[in-house]
Number of protein chains: 2
Amino acid sequence: MTKKITMAELARLADVDVSTVSRALNDSPLVKADTKAHVLKIAAETGYVVNASARNLRRQSAQAIGIVIPMAPGSGQTISDPFFLEMVGAVSHAASQKGYDLIVSVPQSETEIAERRLLLTGRADGLIVIGQAGRSERLNKLNTLKSNIVVWGGREGNPNYTLVGSDNKRGGRLASEHLLSLGRKRILFLGDIDLPEVALRYEGYKLAHEEAEVAFDDSLILRQNFGGETAFHALKDFLAAGHEFDAIFAASDVLAMAAIQAVQSASKRVPEDIAVVGYDNVGQASMSTPSLTTIDQHITQGGQMLVNLLLDKIDGKPVKSAFTKTELVVRRSSGA
Amino acid sequence: MTKKITMAELARLADVDVSTVSRALNDSPLVKADTKAHVLKIAAETGYVVNASARNLRRQSAQAIGIVIPMAPGSGQTISDPFFLEMVGAVSHAASQKGYDLIVSVPQSETEIAERRLLLTGRADGLIVIGQAGRSERLNKLNTLKSNIVVWGGREGNPNYTLVGSDNKRGGRLASEHLLSLGRKRILFLGDIDLPEVALRYEGYKLAHEEAEVAFDDSLILRQNFGGETAFHALKDFLAAGHEFDAIFAASDVLAMAAIQAVQSASKRVPEDIAVVGYDNVGQASMSTPSLTTIDQHITQGGQMLVNLLLDKIDGKPVKSAFTKTELVVRRSSGA
DNA sequence: TGTAAAAATACAATCGATTTCAGAGGATGC
DNA sequence: GCATCCTCTGAAATCGATTGTATTTTTACA
């Protein structure tokens, strides 16, 4: 428990002014090489580390970005949804490579405090918001206030903030095309189309039907939020009610896994009786049994893009919204 | 993009001194109620938010704690391991309830930079380290340097830092007892007993055998780190090599899920031929097919404990290591 | 009403760094 | 040999808040 040593103290020890120490530590060309070495040596010996608050106060930057993961009320998602968590991992990785810390905020209530706190207090230089469900207005407002925000989500309306996301429509189309190409004719869509991202996936689903000239039945939809548990029961009831379908396209892997379980508990086989395709390609998808055919959103790449665009914004560069290319990942056991 | 408004500016607008503003905002009893209201009103109107760096510099605290998730080299774990991610979620939740931000650090290399950076720069008031695999020495050292550290892990040696974890031995025993009580006689242990947590689970496994007076075969162990992919192949090979066993106790749910897949791909049935019990009870465990019998470490509770103990330490209170009570969660389809 | 005590506010130091500006000393050019 | 320019270092201002102390205003009581 050595006492914190300050820069002034270090300057005294090295017998130079603090300004010289500061310059030396920041490798300024203004300092003679000898002096620099001397200071660095003493700094190392004493285990000196610069005080972040002081530096940030002076520099007016935090070397940190925030990530806000809002649990949309009633979305049924929890922080343990693997999608969120993989996103946190991806963003954390990308941020640390750029020398930025990542501050995670999981607001517990539906107030705007979290975003404000991080961004406006200067605790974070910029903000990544995961998912915009129902919050686009607020985000628009916040963005005009201080514009270092990048949002993960699907395009919806005409946001004035920068958006990063996967090509949801394409994803929905790919998934549906896959099922249709296997000869499935009645594909149940499982997901909450009130969420913009999911709505786009549903559009892709319809598009695929049109292209394949397969009539689609708009009653073949089970509007379920992202909560696996409730989806499981809802689908069980749906099956028990005697609805007929030979495939399911679920709006997330969690939903897909819940669906598989529901189907099996109704004594139907996956994929023989009912094929299932998910969305996200979370890590568990390949490891679950049966392994899951799904749409890869390229979460890692998405995290990179979020961070890169945000840092560009922080640097004042102009930035355009960007989208990852979704891709079909076929794993034979569930989807075919 | 309103320009940042400072406290001095606010003081000017309210026609009082900054010290009064500061006290008003901090609800100090030294300020008259009228004045307080007046200041608060103007603060609200102008959208004033206190600058975190300045406050932290002055207060010598960061109102933030760090969480370090070290990918032990060769542990095979990735940040997307659901266990880590659920832990991050739990800690984040607990921290925000206490008004603390959470800074996530996922060091990419095996240097000690990450811990030092966060803690010694004052960016975080305390540090939570997840897993101690092979790092107990370094942690001991860091702890003597600045003691606000709480580590998640199993007891190993005689650490001078505070430890929080689940009762791994008990967990191992519960899992094994369960399998033995079902009449299984040859239980494969799947996990890397070089990791202290896993070693303790293995001890519990042996203990259960002794108590049940079932001879255990110490060749019935497949030492695999936490990587699901490699475990899958290793187990496949193990099965192909003709080893006989009727159950598996996996040191994590990810391993268990990989195991189930390996078993099935070898055309054996789970649980009829081989029952499987996992460890962690991650969210996916209930949703996977077949759903997983597992040991619940009470991650959420653990996250709470980590945060609470750390904050106690920060407050200078004496703190003792603590452990959650592990519990068996039976889900019929895999484990019985 | 005058004075002592209490309440409210203002002043000023401080947290630990960065950075502008000024100055000391040495090198260079003519 | 002297003026000029470079290099390097130091002094001091600054970032935006908090807080101990001083000062003013208000209240209370005789």
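Labels below follow one simple rule: chain letters A, B, ... track the order of the sequence lines, proteins then strands, and each chain is numbered from 1. From a predicted model like this one, the values you see are computed outputs, not experimental measurements. The figures here come from the full heavy-atom set of this structure, side chains too, leaving out hydrogens, waters and symmetry mates.
Atoms CD1 and CG, from I128(B) and L102(B) in turn, are 7.0 Å apart once rounded to the nearest 0.5 Å. How far CD of Q301(A) is from CD1 of I299(A): 11.5 Å, rounded to the nearest 0.5 Å. Interatomic distance, W152(B) CH2 to F84(B) CZ, rounded to the nearest 0.5 Å: 11.5 Å. To the nearest 0.5 Å, atoms CG (L40(A)) and CG (L25(A)) are separated by 6.0 Å.
The base of dT14(C) lies close enough to the side chain of R58(B) for a donor and an acceptor atom to sit less than 3.5 Å apart.
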Each nucleotide N or O in nucleotides 9-11 of chain C that has a protein N or O under 3.5 Å away: list the pair and distance.
residue, atom, partner, partner atom, Å
dT9(C), OP1, T35(B), OG1, 2.4
dT9(C), OP2, K32(B), N, 3.0
dT9(C), OP2, T35(B), OG1, 3.2
dA10(C), OP2, D17(B), N, 2.7
dA10(C), OP2, T20(B), OG1, 3.2
dA10(C), N7, S19(B), OG, 3.3
dA10(C), N6, R23(B), NH2, 2.5
dC11(C), N4, S19(B), OG, 3.1

Please enumerate all protein N or O atoms sitting under 3.5 Å from an N or O of nucleotides 24-27 of chain C, with distances to 0.1 Å.
none

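At the heavy-atom level, N26(A) lies under 4.0 Å from the strands shown only through sugar-phosphate atoms. Backbone-only engagement by T6(A) is indicated by non-hydrogen atom pairs under 4.0 Å involving sugar-phosphate atoms exclusively.
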Hey, can you pull the donor-acceptor pairs under 3.5 Å for the side chains in residues 52-67 of chain B, sequence neighbours left out?
residue, atom, partner, partner atom, Å
R55(B), NH2, N26(B), OD1, 3.3
N56(B), ND2, A52(B), O, 3.2
R59(B), NH2, N26(B), OD1, 3.1

Quick one: side chains of residues 31-38 of chain A, donor-acceptor pairs under 3.5 Å with protein atoms, not counting sequence neighbours, listed by atom name and distance.
residue, atom, partner, partner atom, Å
K36(A), NZ, D27(A), OD1, 3.1
K36(A), NZ, S28(A), O, 3.0

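When the side chain to side chain contact (heavy atoms under 4.5 Å, CB included) test is applied to V319(B), the partners found at least two apart in sequence or on another chain are T162(B), L309(B), D312(B), K313(B). With sequence neighbours excluded, the residues that form a side chain to side chain donor-acceptor pair (under 3.5 Å) with D17(A) are S19(A). Legend: residues meeting side chain to side chain contact (heavy atoms under 4.5 Å, CB included) with T6(A), ordered by chain and number and at least two apart, are A8(A), E9(A). Residues satisfying the salt bridge (charged side-chain N to carboxylate O under 4.0 Å, His left out) test with K98(B), not counting sequence neighbours, are none. With sequence neighbours left out, the side chain to side chain contact (heavy atoms under 4.5 Å, CB included) criterion links L13(A) to I5(A), I42(A), T46(A).
The neighbour count for D315(A) CG, taken as heavy atoms of other residues, nucleotides or ligands under 6.0 Å away, is above 12.
Whole-Å rounding puts the L57(B) CG to dA13(C) C1' distance at 13 Å.
Direction of the helix axis in the helix from dT1(C)-dA30(D) to dC30(C)-dG1(D) shifts by 50° between the two five-pair termini, rounded to 10°.
A nucleotide of DNA chain D counts as in contact with chain B when one of its atoms lies under 4.0 Å from a heavy atom; the first and last such, 5' to 3', are dG16(D) to dG20(D).
Screening residues 41-54 of chain A for salt bridge (charged side-chain N to carboxylate O under 4.0 Å, His left out), with sequence neighbours left out, gives K41(A)-E45(A).
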